Chemist: 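Below is one structure. I have some questions about it.
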Amino acid sequence: MSFAISQVEINLVAALSAGNGLSETSGETILIRNACTRYRDQPSVVATCFWNACMALQRNIGDVYPDDAALIGLQNVLYTSVEELCAQDTLIRDRIAKLAALETRRMPTQSEKEDLKAVPEAMKKDLTEDAFRQLSDAVETVVNEDKPPKVWRARLVNWLTTLGQEIDKGQKREKRATWLLKLGRKIAGWFFERDEQ
């Protein structure tokens, strides 16, 4: 719980300082701040606040907010934090499942699978041998199965965004960073509906 809250708080600060339109009075920020302060001792409330903030960002990025790396990172950290909380508590998992049932989810498209095949080789020089193997295994699993397991899909969404953010920080405007962040956002549609633009 402490780790999940810390990760979200760190990413929220980064998103608020990025000049992307997110502010202290934004609905997403209010949900996150309440979860991290007033309700931090109530895991189910934290998880549902994080979920609702994640869904709000999913709807608003590209519309209310720009496709900003810090916002995409915050959205993905919210999602993975909810996943971790769900793994620790069956009641939280049941409550999030009810919320998730209201969202439209989908499996990877053939186009997304083709894009994903290129990721390991494109990132090889930036990864340790172990990280390269893990990324390659995740891509292979998702690309080769009709209905790849949720855990592998969630890992890929998180990894692509994290890798894109790290490249973006170190080498502003590098094409690989933009490519990874956009692909990460695109495949986030595996978990929740997003209108294509």
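Only a predicted model underlies this, so the values are computations on that prediction, with no experimental measurement involved.
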Chemist: Look at the side-chain heavy atoms of Ile, Leu, Val, Met, Phe, Trp and Tyr, link any pair under 4.5 Å apart, and say whether Leu91 and Val82 land in one connected group.
Modeler: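 Cluster IDs for Leu91 and Val82 differ.
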Chemist: Mind checking side-chain hydrogen bond (donor to acceptor under 3.5 Å, both in side chains) for Ser111 and listing every partner two or more places apart, or none if nothing turns up?
Modeler: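 side-chain hydrogen bond (donor to acceptor under 3.5 Å, both in side chains) list for Ser111, sorted by chain: empty.
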Chemist: Taking only residues two or more places apart in sequence or in another chain, which ones pass side chain to side chain contact (heavy atoms under 4.5 Å, CB included) with Asp130?
Modeler: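 Asp130 satisfies side chain to side chain contact (heavy atoms under 4.5 Å, CB included) with Thr128, Arg133, Gln134 only.
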Chemist: Is Leu85 reachable from Leu99 through a run of I, L, V, M, F, W or Y residues, each pair having side-chain heavy atoms under 4.5 Å apart?
Modeler: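 Yes, same cluster.
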Chemist: Is it the case that Asn52 and Glu28 place a side-chain donor and acceptor less than 3.5 Å from each other?
Modeler: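 Note: Asn52 and Glu28 side chains miss the donor-acceptor criterion.
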Chemist: Go through the structure and list residues passing side-chain hydrogen bond (donor to acceptor under 3.5 Å, both in side chains) with Asp68, not counting sequence neighbours.
Modeler: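 Asp68 satisfies side-chain hydrogen bond (donor to acceptor under 3.5 Å, both in side chains) with Asn20 only.
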Chemist: Flag yes if Leu57 and Leu31 sit in one hydrophobic cluster, no otherwise; membership is Ile, Leu, Val, Met, Phe, Trp, Tyr, and two members link when side-chain heavy atoms are under 4.5 Å apart.
Modeler: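 The answer is no; the residues belong to distinct hydrophobic clusters.
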Chemist: Mind checking who shares a hydrophobic cluster with Val45, ILVMFWY linked at side-chain heavy-atom distances under 4.5 Å?
Modeler: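 Besides Val45, the hydrophobic cluster comprises Tyr39, listed by chain and residue number.
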Chemist: Provide the closest heavy-atom pair for Arg95 versus Ser44 in the form atom of the first, atom of the second, distance.
Modeler: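 Closest pair (atom of Arg95, atom of Ser44, distance): NH1-OG, 2.8 Å.
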Chemist: Search all heavy atoms of Ile61 against all heavy atoms of Pro66 and return the closest pair with its distance.
Modeler: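 For Ile61 and Pro66, the tightest heavy-atom pair comes out as CG2-O, 3.5 Å.
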Chemist: Just grab all the salt bridge (Lys or Arg N to Asp or Glu O under 4.0 Å) pairs involving residues 70-81, residues at least two apart or on different chains.
Modeler: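 Every pair satisfying salt bridge (Lys or Arg N to Asp or Glu O under 4.0 Å) with a residue in residues 70-81: there are none.
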Chemist: Using only atom types and a distance under 3.5 Å, with no angle test, would you say the side chain of Arg40 pairs donor to acceptor with the backbone of Cys36?
Modeler: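 Between the backbone of Cys36 and the side chain of Arg40 there is a qualifying donor-acceptor contact (under 3.5 Å).
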Chemist: Establish, from distance only, whether the side-chain atoms of Gln75 and Tyr65 form a donor-acceptor pair under 3.5 Å.
Modeler: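 Not at all, the side chains of Gln75 and Tyr65 share no donor-acceptor pair under 3.5 Å.
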Chemist: With Asn144, which residues qualify under side-chain hydrogen bond (donor to acceptor under 3.5 Å, both in side chains), at least two apart?
Modeler: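 Asn144: no side-chain hydrogen bond (donor to acceptor under 3.5 Å, both in side chains) contacts found.
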Chemist: Going by side chain to side chain contact (heavy atoms under 4.5 Å, CB included), name the residues that satisfy it together with Ser23, two or more places apart in sequence or in a different chain.
Modeler: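 Partners of Ser23 under the side chain to side chain contact (heavy atoms under 4.5 Å, CB included) test: Thr25, Ser26.
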Chemist: Which heavy atom in Pro120 sits nearest to a heavy atom in Leu135, and how many Å separate them?
Modeler: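 That would be CA-CD2, 4.2 Å.
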Chemist: List the atom pairs, donor and acceptor, that lie under 3.5 Å between side-chain atoms in residues 1-15 and the rest of the protein, sequence neighbours left out.
Modeler:
residue: Ser6; atom: OG; partner: Ser2; partner atom: O; Å: 2.9
residue: Asn11; atom: ND2; partner: Gln7; partner atom: O; Å: 2.9

Chemist: Which heavy atom in Ala35 sits nearest to a heavy atom in Phe50, and how many Å separate them?
Modeler: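 In this case the closest contact between Ala35 and Phe50 is CB-CE1, 3.7 Å.
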Chemist: Run the side-chain hydrogen bond (donor to acceptor under 3.5 Å, both in side chains) test against Arg33 and tell me which residues pass, sequence neighbours left out.
Modeler: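 Result, side-chain hydrogen bond (donor to acceptor under 3.5 Å, both in side chains) vs Arg33: Glu24.
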Chemist: Using the side chain to side chain contact (heavy atoms under 4.5 Å, CB included) criterion, which residues pair with Glu112? Sequence neighbours excluded.
Modeler: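 With neighbours one apart ignored, the set is Arg106, Pro108, Thr109, Lys186, Ile187, Trp190.
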Chemist: Heavy atoms only: give me the nearest Ala122-Trp179 pair and the separation to one decimal.
Modeler: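 Result for this residue pair: CB-CZ3, 3.8 Å.
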Chemist: If every non-hydrogen atom of Ala53 is compared with every non-hydrogen atom of Ile32, which pair is closest and at what distance?
Modeler: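 Of all heavy-atom pairs spanning Ala53 and Ile32, the closest is CB-CG1, 3.8 Å.
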Chemist: Might you work through the side-chain contact (heavy atoms from CB on, under 4.5 Å) test for Leu163 and Leu127, ending with a clear yes or no?
Modeler: CA-CA 9 Å; Leu163 289 168; Leu127 301 174; 3.6 Å; yes
Chemist: Go through the structure and list residues passing side chain to side chain contact (heavy atoms under 4.5 Å, CB included) with Gln110, not counting sequence neighbours.
Modeler: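 Expected list: Lys113, Glu114.
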Chemist: Determine, stepwise, if the pair Leu74 / Leu22 fulfils side-chain contact (heavy atoms from CB on, under 4.5 Å).
Modeler: CA-CA 11 Å; Leu74 175 61; Leu22 187 72; 4.2 Å; yes
